[in-house]
Amino acid sequence: MLALVRKEILRRESRIRMRERAESPVSADAGDRAQDHFLREFPPLAGRNAALYCAMAGEVPTERIRRAYLASGVRLYYPRVTGRGTLAFYPHRDGDGWETGPYGIPEPSSPAGAEPRLSGWDIIVVPGLAFDRRGNRLGHGFGYYDRFLGGLPESVPRVGLAWASQRIPEVPVDAWDVPVHALVTEDGVIRAVKTSGSPEI
């Protein structure tokens, strides 16, 4: 079966599970555990540059990470859709406004003169619908994160954040797909099977 077809089947199944998780009362505790695992493994360090995102309903929340990183002096950046298939990451601090993006996801407002960060990243936190042990990631099918990640040095740590139930034996991949180096779930941190050039994170 072609990777494209397998991906679409997995996306349909994953979106059903995401809706179920959004309605589950146990998700809050599991979400806190996942974020605590993340903060222990990737602690906030003042002056670092981190890319985060606003979680959608059914995803592992990210607010606990946001608060800890900002309180420690990390410079946080969030994605904005800036064109067909392209993202740019803009700074966002306590009290900054949000706008609703084209997919209903909160995005940082883009005041006149604000410039997105293009380089100098210390960590990129990546959402996804499914992940496997090699770090392969199934996104929503629009290619935004793969295009962004594909333009970064391999040495920049890429960390997925997901529920343990989002781990599957194998994610079908295409040549343009960019894997993560580690995955954090409510059960702990899973290092991807190491590939040549992967950073020691």
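All of these numbers come straight from a predicted model, not from anything done at the bench.
- Residues Tyr145 and Pro127 approach most closely at CZ-CD, 3.6 Å, considering heavy atoms.
- Counting only heavy atoms from C-beta outward, the side chains of His92 and Tyr77 never approach each other to under 4.5 Å.
- In this structure Arg133 satisfies the side-chain hydrogen bond (donor to acceptor under 3.5 Å, both in side chains) test with no other residue, sequence neighbours excluded.
- In this view, Arg12 and Glu8, Ile9 satisfy the side chain to side chain contact (heavy atoms under 4.5 Å, CB included) rule, not counting sequence neighbours.
- The closest side-chain heavy-atom distance from Leu87 to Arg80 is not below 4.5 Å.
- A heavy-atom distance below 4.5 Å is found between the side chains of Pro108 and Trp98.
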Atom pairs and distances, donor-acceptor, side-chain atoms in residues 170-178, under 3.5 Å, two or more places apart:
| residue | atom | partner | partner atom | Å |
| --- | --- | --- | --- | --- |
| Asp174 | OD2 | Lys7 | NZ | 2.8 |
| Asp177 | OD1 | Lys7 | NZ | 3.4 |
| Asp177 | OD2 | Lys7 | NZ | 2.7 |
| Asp177 | OD2 | Asp174 | N | 2.6 |

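- The two residues Thr100 and Gly104 come nearest to each other via the heavy atoms CG2-CA, 3.7 Å.
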Please lay out, stage by stage, how Ile123 and Phe42 fare under the test side-chain contact (heavy atoms from CB on, under 4.5 Å). CA-CA 9 Å; Ile123 188 170; Phe42 306 103; 3.9 Å; yes

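- Legend: residues meeting side chain to side chain contact (heavy atoms under 4.5 Å, CB included) with Pro169, ordered by chain and number and at least two apart, are absent.
- Here the straight-line distance linking atom CD1 of Ile168 with atom OG of Ser14 works out to 6.5 Å at 0.5 Å rounding.
- For the pair Arg40 and Asp36, the salt-bridge criterion is not met [side-chain N within less than 4.0 Å of a carboxylate O].
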Table please: side-chain donor-acceptor pairs of residues 52-62 below 3.5 Å, with sequence neighbours left out.
| residue | atom | partner | partner atom | Å |
| --- | --- | --- | --- | --- |
| Glu59 | OE1 | Met56 | N | 2.7 |
| Thr62 | OG1 | Tyr53 | O | 2.8 |

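- His37 pairs by the ring pair (Phe, Tyr, Trp, His ring centres under 6.0 Å) definition with nothing, not counting sequence neighbours.
- Remark: Asp187 pairs with no residue by the salt bridge (Lys or Arg N to Asp or Glu O under 4.0 Å) rule, at least two apart or across chains.
- In this structure a side-chain-to-backbone donor-acceptor pair under 3.5 Å is missing from Arg117 to Pro91.
- Evaluation of the side chain to side chain donor-acceptor pair (under 3.5 Å) test over residues 122-132, restricted to residues two or more places apart or in two chains, returns Asp132-Asn136.
- With a 6.0 Å radius and a threshold of 12 heavy atoms from other residues, nucleotides or ligands, Arg17 has its CZ atom above the threshold.
- Taking each heavy atom of Tyr103 and Tyr144 in turn, the nearest pair found is OH-OH, 3.0 Å.
- Summarising the geometry of Leu76 relative to Arg93, their closest heavy-atom pair is N-NH1, 2.8 Å, with the distance given to 0.1 Å.
- Separation of atoms CZ (Arg11) and CG (Leu129) is listed at 7.0 Å; rounding is to 0.5 Å.
- Glu99 places no side-chain N or O within donor-acceptor distance of the main-chain N or O of Glu107, the cut-off being under 3.5 Å.
- A 4.5 Å side-chain heavy-atom check between Leu161 and Ile65 finds at least one atom pair inside the cut-off.
- Taking the side chain as every heavy atom from C-beta outward, Val189 and Leu183 never approach each other to under 4.5 Å.
- Between Leu149 and Val126 there is a side-chain heavy-atom pair separated by less than 4.5 Å.
- Every side chain to side chain contact (heavy atoms under 4.5 Å, CB included) that Arg67 has, sequence neighbours left out, goes to Glu63, Arg64.
- Atom-to-atom distance recorded for Leu45:CG and Arg48:CZ is 4.5 Å, nearest 0.5 angstrom.
- The side-chain hydrogen bond (donor to acceptor under 3.5 Å, both in side chains) search around Arg75 returns Asn49, not counting sequence neighbours.
- Take Ser72 and apply the side chain to side chain contact (heavy atoms under 4.5 Å, CB included) test, not counting sequence neighbours, and it matches Pro44.
- Closest of all the heavy-atom pairs between Ala164 and Thr185 is N-CB, 3.6 Å.
- Scanning all heavy atoms of the two residues, the minimum distance from Ala34 to Glu186 falls at CB-N, 3.6 Å.
- A 4.5 Å side-chain heavy-atom check between Pro79 and Tyr90 finds every atom pair outside the cut-off.
- Residues satisfying the ring pair (Phe, Tyr, Trp, His ring centres under 6.0 Å) criterion with Phe89, sequence neighbours excluded, are Trp121, Phe148.
- Within the 4.5 Å cutoff, side-chain heavy atoms of Val156 are placed close to those of Ile124.
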